[in-house]
Amino acid sequence: MPHASDTIVTRFAPSPTGFLHIGGARTALFNWLLARKHGGQFLLRIEDTDKARSTQEAIDAILEGLTWLGLDWDGDPVSQSARADRHAEVAEQLLAGGHAYKCFATPEENAAAREAVRAEGRAFLGDLWRDRPHGPETEGKPFVIRMKMPREGNTVVDDAVQGQVTVANGVLDDLVLLRADGSPTYMLSVVVDDHDMGVTDVIRGDDHLNNTFKQVQIYRAMGWDCPRFAHIPLIHGADGKKLSKRHGALGVEAYRDMGYLPEALRNYLLRLGWSAGDEEVIPTKRALEMFSLDGVNKGAARFDFDKLDSINAQYLRHMSPEAVMPTIEPFINAQLDRPVDEDEKARILRALPSLLERAKRYDDLSDAAILFCNTRPLNLSEKAAKQLTADNRVLIGDAIKELEKLADFGADQCKAALALVAEAHDLRLGKVMQPVRAALTGGKPFGDLGELVEILGRAETLGRLRDQYSPGTD
RNA sequence: GGUCCCUUCGUCUAGUGGCCUAGGACGUCGCCCUUUCACGGCGAAAACACGGGUUCGAGUCCCGUAGGGAUCACCA
């Protein structure tokens, strides 16, 4: 049955055994991009046929992850387990049509045969009962239904990423369609669901490439059209090894908690193993214009946090202080171990344009923003502490005197006051600014010193300076 | 081990037989800017895994070798 229209239908089909990891997120992104680019549908299917390992928490985490990433799906997520009857029905059809057969071999018999065949350097085809007549001894015995794979010829998959891949039918095993308890296997379920859901393009990790040849046989036996396949390479850790929990196989929520923007992570994920020329910063709108499966590389790519940081910084720079504030507030509260007050928030809001210039992530941005909270006495970095020599403390004392005289605590006035101190000591302005900056920031980065003082305000500025001039007495 | 896939700077990549003296980005290093922390700007070092072919000409095509990955369940 040919598809009614040329509308693109893609799907993301995670098994709910854990969070949405970074590789799954990228697979979802590619599916989403292809569907949205062509005005098609992006469907969600939860592959929960393994009831023992599937959890509701995992489903929630995956949905939350997709939502955070901004990947919206069409319709309600399909639960694969709810469709078991339909899967079984197809298995029966396959059986009736002579494309499948009953296998009475016990797990032990299969294991023994597998070992024996493998010792010869061949793959076990699971075909113990393929051409074996069912005698009366099979009466009442448990059986599975296996696919009767072709043995002659080749199966060719024309993959959008991998190209034309050919495999000899002789190596395709008679996979189990229906288990002894009557439940369908993954191999059957995906094919039936993808067909029934009208999926036109299956984009998934290339760990499924080998399965595809077998699935194609099921499509053929049922007389169904195959969808287009695109097997995208897996993401590797920085060390080139398969992604493990140690290096980067984190849930997307972990990236959120590390302070990354969903737009930036999306951009990074897109460029990891995919390109269309030299463009690096590709916001979603642009991605929708450019995306094509052609640009996907075949080789696995390594995950690189430095580059992610860099992309993230570029997105951060274009955020408005008002948009950023609600997001960094929890980070700030956590570091402060109390909620920020309104006065502090107002100061941070004023400082944000400058802070955003040099931040990489929300977490270091909030770390820098703490500068404008009332956290006296400040913890000094090693570098800052070094600035506060006995001589420099004298300068700070003089700076306090000059600043106290100021009626207007503006940036220019404050700088002028510091210039007076420098003049009195016959020093360059910078020599005075350095220790004053150290006392005021504790070593944290911030732009212009005058701006810093102005935002900090009279009380906080003088307080921080006094802390360093005569520690402990203020 | 069988089958399938992959291999360009440290990393992500551009490159579809002459445009390649191999381009961009991240990272690294250097310089400049800032009488202040940073940011930024400019510049440098840095790769076609190896060996054979094919061709007037190969990073680009073919074969082999090495290395890496995926997969071989009544898991998904």
Side-chain angles (χ1 to χ4, degrees), chain A residues 13-15 17 47-50 52-54 80 103 105-107 110-111 114 117-124 126 142-146 157 159 161-163 165-168 170-173 175-181 183 185-187 189-190 205-213 231 233-234 236 238 240-242 268 271-281 295 297-311 313 317 354-355 357-359 368 383-384 415 418-419 422 427-438 441 443-450 452:
Chain A
S15 51
T17 55
E47 309 220 314
D48 53 355
T49 55
D50 185 348
R53 293 199 300 153
S54 301
Q80 192 161 58
C103 170
T106 64
N110 279 323
R114 180 175 300 118
V117 171
R118 195 165 170 166
E120 295 173 36
R122 289 185 296 123
F124 178 53
F143 62 88
V144 300
I145 294 181
R146 283 183 185 273
V157 169
D159 193 277
V161 172
Q162 305 292 333
V165 187
T166 304
V167 90
V171 304
L172 268 23
D173 68 293
L175 58 94
V176 173
L177 297 169
L178 226 50
R179 300 187 186 101
D181 65 0
S183 66
T185 60
Y186 159 81
M187 215 56 98
S189 303
V190 246
D206 71 7
D207 49 333
H208 286 288
L209 182 60
N210 289 297
N211 289 333
T212 308
F213 302 97
H231 288 91
L234 270 15
H236 286 186
K241 300 247 174 67
K242 192 182 171 181
Y268 176 71
R271 276 290 287 125
L272 224 209
W274 175 90
S275 73
D278 286 337
E279 279 184 59
E280 299 284 348
V281 180
N297 282 115
K298 290 191 189 183
R302 301 183 190 202
F303 196 92
D304 181 7
F305 275 102
D306 283 336
K307 187 132 185 184
L308 209 209
D309 279 350
S310 162
I311 297 266
R317 229 164 278 165
S354 175
L355 291 172
E357 288 290 312
R358 70 215 78 209
K383 227 175 144 186
K415 268 205 250 185
L418 294 180
L427 287 170
R428 300 185 343 173
L429 218 208
K431 289 287 175 198
V432 177
M433 280 174 148
Q434 283 177 345
V436 168
R437 174 183 287 277
T441 66
K444 286 187 176 176
F446 187 74
D448 181 67
L449 186 59
L452 171 70

In whole Å, I'd like the distance from the [atom1] atom of [X] to the [atom2] atom of [N].
| X | N | atom1 | atom2 | result |
| --- | --- | --- | --- | --- |
| A/Leu272 | B/C12 | CG | P | 8 Å |
| A/Leu177 | B/C74 | CG | P | 12 Å |
| A/Ile311 | B/G27 | CD1 | P | 10 Å |
| A/Leu427 | B/U36 | CG | C1' | 14 Å |
| A/Asp206 | B/U71 | CG | C1' | 10 Å |
| A/Leu429 | B/U36 | CG | P | 9 Å |
| A/Tyr186 | B/A76 | OH | C1' | 6 Å |
| A/His231 | B/U71 | NE2 | P | 12 Å |

Nearest 0.5 Å please: distance from the [atom1] atom of [X] over to the [atom2] atom of [Y].
| X | Y | atom1 | atom2 | value |
| --- | --- | --- | --- | --- |
| A/Ser189 | A/Leu177 | OG | CG | 9.5 Å |
| A/Ile145 | A/Thr185 | CD1 | OG1 | 10.5 Å |
| A/Phe124 | A/Asn110 | CZ | CG | 4.5 Å |

Paired with [N]: which nucleotide, if any, by Watson-Crick or G-U wobble criteria at under 3.5 Å for both distances?
| N | result |
| --- | --- |
| B/U3 | B/A70 |
| B/G17 | none |
| B/U36 | none |
| B/A25 | B/U11 |
| B/U65 | B/A49 |

Regarding [X], tell me which of base, sugar-phosphate or nothing describes its non-hydrogen contacts under 4.0 Å with the strands shown.
| X | result |
| --- | --- |
| A/Ser15 | sugar-phosphate |
| A/His208 | base |
| A/Asp448 | base |
| A/Arg271 | base |
| A/Ser189 | nothing |
| A/Leu449 | base |
| A/Leu234 | sugar-phosphate |
| A/Ala301 | sugar-phosphate |
| A/Val165 | sugar-phosphate |
| A/Ala105 | base |

Determine the interatomic distance between [atom1] on [N] and the same-named atom on [M]; round to the nearest Å.
| N | M | atom1 | value |
| --- | --- | --- | --- |
| B/A58 | B/G18 | C1' | 10 Å |
| B/G43 | B/G24 | P | 10 Å |
| B/U21 | B/U54 | C1' | 26 Å |
| B/G64 | B/G10 | P | 28 Å |
| B/G68 | B/C62 | C1' | 22 Å |
| B/U3 | B/A45 | P | 46 Å |
| B/U8 | B/G59 | P | 15 Å |
| B/C56 | B/A44 | C1' | 37 Å |

Distance-only, no hydrogens or angles: does the [X] side chain make a donor-acceptor pair with backbone N or O of [Y] under 3.5 Å?
| X | Y | value |
| --- | --- | --- |
| A/Asp304 | A/Ala238 | no |
| A/Ser54 | A/Asp50 | yes |
| A/Arg271 | A/Glu279 | yes |
| A/Arg358 | A/Ser354 | yes |
| A/Asp448 | A/Gly450 | yes |

Side chain of [X]: nearest nucleotide among [options]?
| X | options | result |
| --- | --- | --- |
| A/Arg302 | B/C12, B/U3, B/A76 | B/C12 |
| A/Pro445 | B/C37, B/U36, B/U71 | B/C37 |
| A/Arg118 | B/C74, B/C72, B/G24 | B/C72 |
| A/His236 | B/U3, B/A76, B/G69 | B/G69 |
| A/Lys307 | B/A70, B/C26, B/C74 | B/C26 |

- Item | Basic-acidic side-chain contact under 4.0 Å: A/Asp206, A/Lys298 | no
Is [X] side chain donor-acceptor paired with the [N] base, going by distance under 3.5 Å alone?
| X | N | result |
| --- | --- | --- |
| A/Arg437 | B/U36 | yes |
| A/Glu280 | B/G24 | yes |
| A/Asn211 | B/A76 | yes |

- Find which nucleotide of RNA chain B each of A/Met433 and A/Gly273 is nearest to by heavy atoms, and output the residue with the more 5' nucleotide. A/Gly273
- Note on the structure: Sorted by position of nearest nucleotide on RNA chain B, 5' first, the leading residue of A/Pro142 and A/Asp304 is A/Asp304
Please determine if a side-chain N or O atom of [X] lies less than 4.0 Å away from the OP1 or OP2 oxygen of [N].
| X | N | result |
| --- | --- | --- |
| A/Asn297 | B/A14 | yes |
| A/Arg317 | B/G40 | yes |
| A/Thr49 | B/A76 | yes |
| A/Lys383 | B/A38 | yes |
| A/Lys298 | B/C6 | yes |
| A/Arg114 | B/G2 | no |
| A/Arg358 | B/G40 | no |
| A/Gln434 | B/C37 | yes |
| A/Ser275 | B/A14 | yes |

- Query: Are A/Tyr268 and A/Phe303 an aromatic pair by the rule of ring centers under 6.0 Å?
  - Reply: yes
